[in-house]
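Step one of this worksheet: look at the structure below.
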Number of protein chains: 2
Amino acid sequence: MGAMTNKKSGDPVPIYLKLQTKLMLEIESGRLEPGDRIPPENRLADHHGVSIGTVKKAILNLANEGYLYRVQGKGTFVAGTTLRRESLRYYRFLKDFNNPEANLNIEFLGLKKTKGIEHVNRCLKIRHNQALYEIKRLFLFNKKPLIYSLSYLPQKLFVKLDDFSPKQFERVPIYLFLEEKYGLPTIYNQELISSVPAAHEITQLLKVPERSPILFIEMIAFTYKKRPYEYRQSYCITGNNKILREY
Amino acid sequence: MGAMTNKKSGDPVPIYLKLQTKLMLEIESGRLEPGDRIPPENRLADHHGVSIGTVKKAILNLANEGYLYRVQGKGTFVAGTTLRRESLRYYRFLKDFNNPEANLNIEFLGLKKTKGIEHVNRCLKIRHNQALYEIKRLFLFNKKPLIYSLSYLPQKLFVKLDDFSPKQFERVPIYLFLEEKYGLPTIYNQELISSVPAAHEITQLLKVPERSPILFIEMIAFTYKKRPYEYRQSYCITGNNKILREY
DNA sequence: GCTCATTTGTTCGTATGTATC
DNA sequence: TGATACATACGAACAAATGAG
């Protein structure tokens with residue numbers, strides 16, 4: 001089929017780039033969904049009438065940009081949150097490198113509309129007067145509150161977010177929910193991590209003594225085209241448990 | 001010259017990666033300065049006794065990471081610091097998502113041999129009685145001590161590590177040094193993050209009041225075949241600055 | 001403006017190694 | 001163990017940009 005045209009015709013667009021664009025469009029349009037496996041290299045090569053090296057180049061570029069990820073012996077998959085890398089599930093709490101993980105529950109505290117917040121809007125790269133949604137949640141590990149989290153999302157991007165039932169926000173991680181309902185996969189995140197003494201509001205919510213050391217994490221989640229879509233602040237107690245990160 | 005050894009010897013490190021590392025070291029160490037032109041592909045291929053495709057791969061990777069830039073017809077050049085992206089393996093300190101990064105210096109505090117430590121050896125997946133090296137360092141950002149770090153490496157894996165001059169440990173990031181001297185590239189890391197009150201020893205080293213909130217990070221670095229090779233504890237002050245992580 | 005040597009960019013194809021199931 | 005799929009390595013040929021003469 002559609003044999004990629006070659007150079008002779010004065011075509012300045014390289015073959016690998018055409019293939020790359022074609023694949024990216026299939027992803028962006030939703031015909032290929034996160035987790036889907038794309039055809040193997042040799043099949044793509046045959047199908048498009050190009051060499052395997054050219055296919056490799058297109059796929060590797062997309063993998064570098066975060067659209068795809070590859071596993072030797074298994075295949076090439078569409079990135080997105082769910083399967084992208086099991087290691088990137090947001091927070092994993094455990095006592096020790098060799099211990100099993102603690103159990104997670106989410107308690108939904110509220111969702112409301114707010115006006116733009118200067119610091120938040122700048123992080124989200126939107127104008128200062130654009131309105132936001134504010135989501136408050138408590139993460140319980142083994143029934144004990146360990147994280148208080150405050151999320152901000154642009155109202156413009158997530159229309160009618162407040163129509164969903166609160167239960168939806170407790171069932172699954174928020175990024176999965178947003179991906180499903182609004183088709184925005186998470187491509188990468190930025191975090192700022194610091195250690196701070198617990199402020200008064202936090203001591204109440206997390207039930208810790210005033211000025212206990214708290215892990216404070218600010219996060220920006222990005223989707224395609226490096227577009228930020230969520231700004232989040234998390235306050236974590238880390239007495240016995242610690243946060244595991246792999247990269 | 002220095003013909004890169006090939007696979008037959010059970011060597012798990014790909015040739016292109018060795019070349020890539022070698023070039024990166026020349027850049028990081030300052031032997032190659034921003035703007036310098038590196039030898040053309042065919043010369044590098046001859047010089048190292050590898051194919052031109054392999055050289056291409058090494059160079060393209062470094063170009064993608066921002067270490068080099070290429071101009072068709074002219075050559076390949078060392079990029080200025082602006083372009084460089086060390087998103088992983090490295091701590092980046094800044095005050096805010098929108099602020100520039102602080103300046104880093106490393107102060108080497110000491111390297112000595114120690115007996116095995118149960119917790120450490122378990123993390124490194126070596127027997128309890130295997131001896132270790134212990135490296136103590138202080139990271140200064142804008143001249144102020146911000147991180148105290150304690151590294152453990154198996155003596156068996158890093159023979160004669162204590163023969164190197166202390167200066168070597170201050171010049172380049174430790175993982176680059178180990179990669180060059182022992183041919184162990186870092187494939188991925190695990191971290192445990194928590195927030196703790198400063199213990200007595202730490203208050204002295206980092207010059208903070210007793211029980212200030214400290215970011216405590218335990219890290220295990222893995223090389224090929226998921227083999228752990230370094231266990232590290234870092235104690236970070238995060239008053240004004242925060243740690244940036246991208247993933 | 002033209003030619004030529006140099007250097008990178010693209011494309012091809014083949015062979016073998018290695019991870020996964 | 002075998003089939004599948006990605007990873008590495010080799011090498012060849014030609015296109016396109018650059019800069020010098």
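Chain A is the first sequence line, chain B the second, and so forth, proteins listed ahead of strands; every chain is numbered from 1.
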I'd like to know if the side chain of B/E218 reaches the main chain of B/Q233, judged simply by a donor and an acceptor atom lying under 3.5 Å from each other, with no hydrogens or angles considered. no
So if I take every side-chain heavy atom of B/I15 and compare against D/dT18, D/dA9, C/dC12, which nucleotide ends up nearest? D/dA9
Under 3.5 Å: donor-acceptor pair, side chain of B/N121, backbone of B/I126: no
Which nucleotide wins on minimum distance to the side chain of A/E41, given the candidates D/dA9, D/dC6, C/dG9? D/dC6
Picking from D/dT18, D/dT8, C/dT14, which would you name as closest to the side chain of B/K57? D/dT8
Nearest whole Å is fine: how far is D/dA5 P from A/I52 CD1? 11 Å
Check the distance between D/dT8's C1' and B/Q20's CD and give it to me in whole angstrom. 13 Å
Of the listed nucleotides D/dT8, C/dT10, D/dG11, the one nearest the side chain of A/K56: D/dT8
Please state how far atom CG in B/L19 lies from atom P in D/dC10, giving the value in whole angstrom units. 11 Å
Of the listed nucleotides (C/dT14, C/dT7, D/dA9), which one gets closest to any side-chain atom of B/P14? D/dA9
Check whether any side-chain N or O of B/H47 sits under 3.5 Å from a backbone N or O of B/R43 as a donor-acceptor pair, and report yes or no. no
Pairwise distance CG(A/L62) to OG1(A/T21) - rounded to 0.5 angstrom: 8.0 Å
When you check the phosphate oxygens OP1 and OP2 of D/dC6, does a side-chain N or O of A/T76 lie under 4.0 Å from one of them? yes
Check the distance between C/dT7's C1' and B/L60's CG and give it to me in whole angstrom. 13 Å
To the nearest angstrom, how far is B/I59 atom CD1 from D/dA9 atom P? 15 Å
Choose from D/dG19, C/dT20, D/dA7 the nucleotide whose nearest atom is closest to any side-chain atom of A/R70. D/dA7
Would you classify A/G75 as touching base, sugar-phosphate or nothing, given that sugar-phosphate means primed atoms plus P, OP1 and OP2, and contacts are heavy atoms under 4.0 Å? sugar-phosphate
Does a nitrogen or oxygen in the side chain of B/T54 sit under 4.0 Å from OP1 or OP2 of D/dC10? yes
Expressed as a whole number of angstroms, how long is the span from A/K74:NZ to D/dA7:C1'? 17 Å
Please determine whether a side-chain nitrogen of the Lys or Arg among B/R122 and B/E118 lies less than 4.0 Å from a carboxylate oxygen of the Asp or Glu. yes
Nearest to the side chain of B/P40, which nucleotide is it out of D/dT8, C/dT8, C/dT20? C/dT8
Taking D/dA16, D/dC6, D/dG11 as options, the one with an atom nearest any side-chain atom of B/Q72 is D/dA16
Send over the distance from A/L68 CG to D/dA5 P, rounded to a whole Å. 16 Å
Could you state the CZ-P distance from A/R43 to D/dT4, rounded to the nearest angstrom? 10 Å
